[in-house]
Amino acid sequence: MKPKVYIDGKEGTTGLQIYDRLASRDDIELLLIDETKRKDPDERKKLINAADITFLCLPDAAAKEAVSFVEKDSARIIDASTAHRTAPGWAYGIPELSDMHKDAVVHAKFTANPGCHASGFVIPVYPLVASGMIPKETPLTVFSLTGYSGGGKKMIAEYESPEKPELYNTPRIYGLNLKHKHLPEMQKICGLDVPPVFCPIVDDYYKGMAVTVMLQNSMLKGNPTAKDIHEALAAHYDGKKVVKVHPFGYEDPMIAAGTMAGKDSMELVVNGHEGQTIITALFDNLGKGASGAAVENMNLMLGLEETAGLNL
């Protein structure tokens with residue numbers, strides 16, 4: 001019998017993208033809610049407990065409410081909101097980080113899908129902290145370029161409106177209080193003593209991300225070169241299907257944030273010299289940054305091929 005899957009919040013950007021990846025698959029059964037009842041708690045509760053896996057594509061408060069609807073032992077959850085990413089008892093949905101992380105997702109009743117900015121930080125930084133190369137007390141700095149679809153329906157409408165303000169044609173820095181909602185998971189999952197200084201930037205293109213971590217090599221264990229850091233990351237992610245490490249250096253003198261738009265994979269690019277290093281994670285904010293990652297986690301939880309339905 002095919003596993004049953006339900007998307008709670010299918011009308012949002014993430015929900016629609018998950019639906020696009022699942023609609024044509026013949027190895028699952030997609031449960032669809034009556035459109036007139038999509039906000040009816042009783043109908044949603046019925047579908048959540050009828051499904052083997054439910055994706056929650058909801059605001060945080062609504063996601064917490066949806067989790068409270070779970071009654072059956074067989075009902076499992078992948079939450080795409082921020083609500084449970086540092087919560088006890090929840091697997092963190094980046095299986096590439098380690099065998100432990102992958103095993104946690106495979107067996108999880110509850111999996112928290114990571115934030116898009118957080119994915120671009122955690123994937124390069126986690127193995128370097130875990131190996132001791134980045135001491136856990138190191139104060140890190142990261143900036144993240146994203147397409148406007150990362151802001152959801154409201155931001156998409158603003159950017160695609162004929163009345164779009166002139167300044168929307170230029171990159172805009174936000175998260176100016178330095179308390180962005182992805183910071184708690186960035187710090188916790190990487191095991192850092194202090195959160196990084198994090199600067200997100202949205203620009204006038206639809207999708208694609210470039211998250212860049214900047215390192216002073218003298219602050220790292222053994223004073224490694226940029227090439228040493230590249231070799232450590234390449235070894236850690238060797239053989240992974242969704243996360244790849246680009247050969248050292250970049251053949252183009254510029255990196256475009258939209259390079260991986262439309263793909264569900266991520267590429268890490270390491271540049272620098274003996275004294276300084278930058279690591280750039282290139283991916284799609286709607287792909288490995290959201291819906292692609294959610295489908296990858298579903299595949300693992302259901303015992304299906306990890307990359308089924310993904311565009312790599």
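All values reported here derive from a predicted model rather than from experimental measurement. The analysis underlying the following values was restricted to heavy atoms, covering all of them including side chains, and did not include hydrogens, waters or symmetry mates.
Put simply, Leu128 and Val213 are part of the same group of oily side chains (I, L, V, M, F, W, Y) that touch within less than 4.5 Å, one to the next. Hydrophobic clustering of Ile, Leu, Val, Met, Phe, Trp and Tyr side chains at less than 4.5 Å, counting indirect connections, keeps Ile134 apart from Phe143. When the side chains of ILVMFWY residues are joined at heavy-atom separations under 4.5 Å, either directly or via intervening members, Val105 and Trp90 end up in two distinct hydrophobic clusters. Follow the hydrophobic side-chain contacts under 4.5 Å out from Val245 and you reach Leu97 in the same cluster.
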Intermediate values then yes/no, side chain to side chain contact (heavy atoms under 4.5 Å, CB included), Leu22 and Met298: CA-CA 11 Å; Leu22 299 183; Met298 180 205 78; 3.9 Å; yes
Criterion side chain to side chain contact (heavy atoms under 4.5 Å, CB included) on Lys2 and Asp27, from CA distance to verdict: CA-CA 6 Å; Lys2 294 178 184 178; Asp27 55 347; over 6 Å; no
Decide yes or no on side chain to side chain donor-acceptor pair (under 3.5 Å) for Ser149 and Asn285, but give the supporting numbers first. CA-CA 8 Å; Ser149 60; Asn285 53 287; 2.9 Å; yes
Salt bridge (Lys or Arg N to Asp or Glu O under 4.0 Å) evaluation trace for Lys4 with Asp52: CA-CA 5 Å; Lys4 295 180 172 65; Asp52 294 290; 5.7 Å; no
For Val122 and Cys190: C-alpha separation, side-chain torsions, deciding distance, then whether side chain to side chain contact (heavy atoms under 4.5 Å, CB included) applies. CA-CA 6 Å; Val122 169; Cys190 290; 4.0 Å; yes
Should Thr111 and Asn297 be marked as a side chain to side chain donor-acceptor pair (under 3.5 Å) after you check the CA-CA gap, both sets of side-chain angles, and the distance that decides it? CA-CA 8 Å; Thr111 295; Asn297 288 321; over 6 Å; no
Check the pair Glu96, Tyr237 against side chain to side chain contact (heavy atoms under 4.5 Å, CB included), reporting the backbone distance first and the verdict last. CA-CA 7 Å; Glu96 291 84 9; Tyr237 289 112; 3.9 Å; yes
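Between the side chain of Thr138 and the backbone N or O of Leu140, no donor-acceptor pair lies under 3.5 Å. With Asn217 contributing its side chain and Asn223 its backbone, the two residues share no donor-acceptor pair below 3.5 Å. Although no hydrogens or angles enter the test, the distance criterion places a donor-acceptor pair under 3.5 Å between the side chain of Asp228 and the main chain of Thr225.
Annotation for Glu267 and His246: closest pair OE2-ND1, 3.3 Å, computed over non-hydrogen atoms. Nearest approach of Ile94 to His101, heavy atoms of both residues: O-CB, 3.7 Å. Across every non-hydrogen atom of Cys116 and Met209, the tightest pair is CB-SD, 3.6 Å. Considering every non-hydrogen atom in both Val270 and Phe248, the closest pair reads O-CD1, 3.6 Å. Of all heavy-atom pairs spanning Thr14 and Cys57, the tightest one is CG2-SG, 4.1 Å. The shortest heavy-atom contact between Pro184 and Lys181 is CD-O, 3.4 Å.
Other residues, nucleotides and ligands place no more than 12 heavy atoms under 6.0 Å from the NZ atom of Lys46. By the neighbour-count criterion of 12 heavy atoms within 6.0 Å, atom NZ of Lys109 is densely surrounded, having more than that number from other residues, nucleotides or ligands. Atom CG of Asp252 sits in a crowded spot, with more than 12 heavy atoms from other residues, nucleotides or ligands closer than 6.0 Å. No more than 12 heavy atoms of other residues, nucleotides or ligands lie within 6.0 Å of CG in Asp99, so this atom counts as exposed by the packing criterion. Environment of CD in Glu166: sparse, with no more than 12 heavy atoms of neighbouring residues, nucleotides or ligands closer than 6.0 Å.
Once rounded to the nearest 0.5 Å, the distance linking NZ of Lys207 with OG1 of Thr13 reads 11.5 Å. The structure places CD1 of Ile279 at 9.5 Å from OG1 of Thr212, a figure rounded to the nearest 0.5 Å. Atom CE of Met155 sits about 12.0 Å away from atom CD of Glu160, to the nearest 0.5 Å. Separation of atoms CG (Leu31) and CD1 (Ile53) is listed at 12.0 Å; rounding is to 0.5 Å. Separating the NE2 atom in His84 from the CG atom in Asp60 is a distance of 8.5 Å, to the nearest 0.5 Å. A distance of 6.0 Å separates CG of Leu310 from CG of Asn299, quoted to the nearest 0.5 Å.
Under the 6.0 Å cut-off for aromatic ring centres, Tyr148 and Tyr205 do not qualify, their centroids lying 6.0 Å or more apart. Side-chain rings of His117 and Phe121 stay apart, their centers remaining 6.0 Å or farther from each other. Two rings, from Phe55 and Tyr6, have their centers 6.0 Å or more apart.
Inter-residue side-chain proximity for Ser265 and Lys244 is flagged as unmet; no heavy-atom pair is nearer than 4.5 Å. The closest side-chain heavy-atom distance from Val67 to Leu56 is below 4.5 Å. When side chains are defined from C-beta on, Val129 counts as touching Leu192, because their heavy atoms get closer than 4.5 Å. In this structure the side chain of Met266 never reaches within 4.5 angstrom of the side chain of Met260, judged on heavy atoms. Within the 4.5 Å cutoff, side-chain heavy atoms of Val142 are placed close to those of Met186. Between Tyr168 and Glu158 the shortest side-chain heavy-atom distance falls below 4.5 Å. The closest side-chain heavy-atom distance from Asp204 to Thr170 is not below 4.5 Å. Contact check for Lys102 versus Glu306: side-chain heavy atoms found under the 4.5 Å cut-off.
No side-chain N or O of Asn113 forms a donor-acceptor pair with one of Asp79 less than 3.5 Å apart. For the residue pair Glu185 and Tyr92, a side-chain donor N or O sits within less than 3.5 Å of a side-chain acceptor on the partner. Checked by atom type, the side-chain pair Asn271/Thr280 shows no donor-acceptor distance below 3.5 Å. Judged purely by distance below 3.5 Å, without hydrogens or angles, the side chains of Glu305 and Thr307 pair a donor atom with an acceptor atom. Asp8 and Thr54 are not linked by any side-chain donor-acceptor pair at a separation below 3.5 angstrom, with hydrogens and angles left out of the test. With hydrogens and angles left out, the side-chain atoms of Gln187 and His182 include no donor and acceptor closer than 3.5 Å.
Between Glu11 and Lys39 there is no salt bridge, since no side-chain N of the basic residue sits under 4.0 Å from a carboxylate O of the acidic one. A salt bridge is absent between Glu43 and Arg38: the closest approach of a Lys/Arg side-chain nitrogen to an acidic carboxylate oxygen does not fall below 4.0 angstrom. Electrostatic pairing of Lys241 and Glu296 does not count as a salt bridge here, judged by no charged N lying under 4.0 Å from a carboxylate O. Under the 4.0 Å criterion applied to side-chain N and carboxylate O atoms, Lys263 and Asp284 are not assigned as salt-bridge partners. A salt bridge is defined here as a Lys NZ or Arg NE, NH1 or NH2 lying under 4.0 Å from an Asp or Glu carboxylate O, and Glu274 with Lys227 fails to meet this definition.
Of the candidates Asp264, Leu304, Ile78, Ile18, Val295 forms a side-chain contact (heavy atoms from CB on, under 4.5 Å) with just one, namely Ile18.
Taking the six-membered ring where tryptophan is involved, the planes of His180 and Phe198 are perpendicular, since the angle between them exceeds 60° and thus also 30°.
For the pair Arg21 and Tyr19, the cation does not sit on the ring face, since its NZ or CZ is not both under 6.0 Å from the ring centre and inside 45° of the axis.
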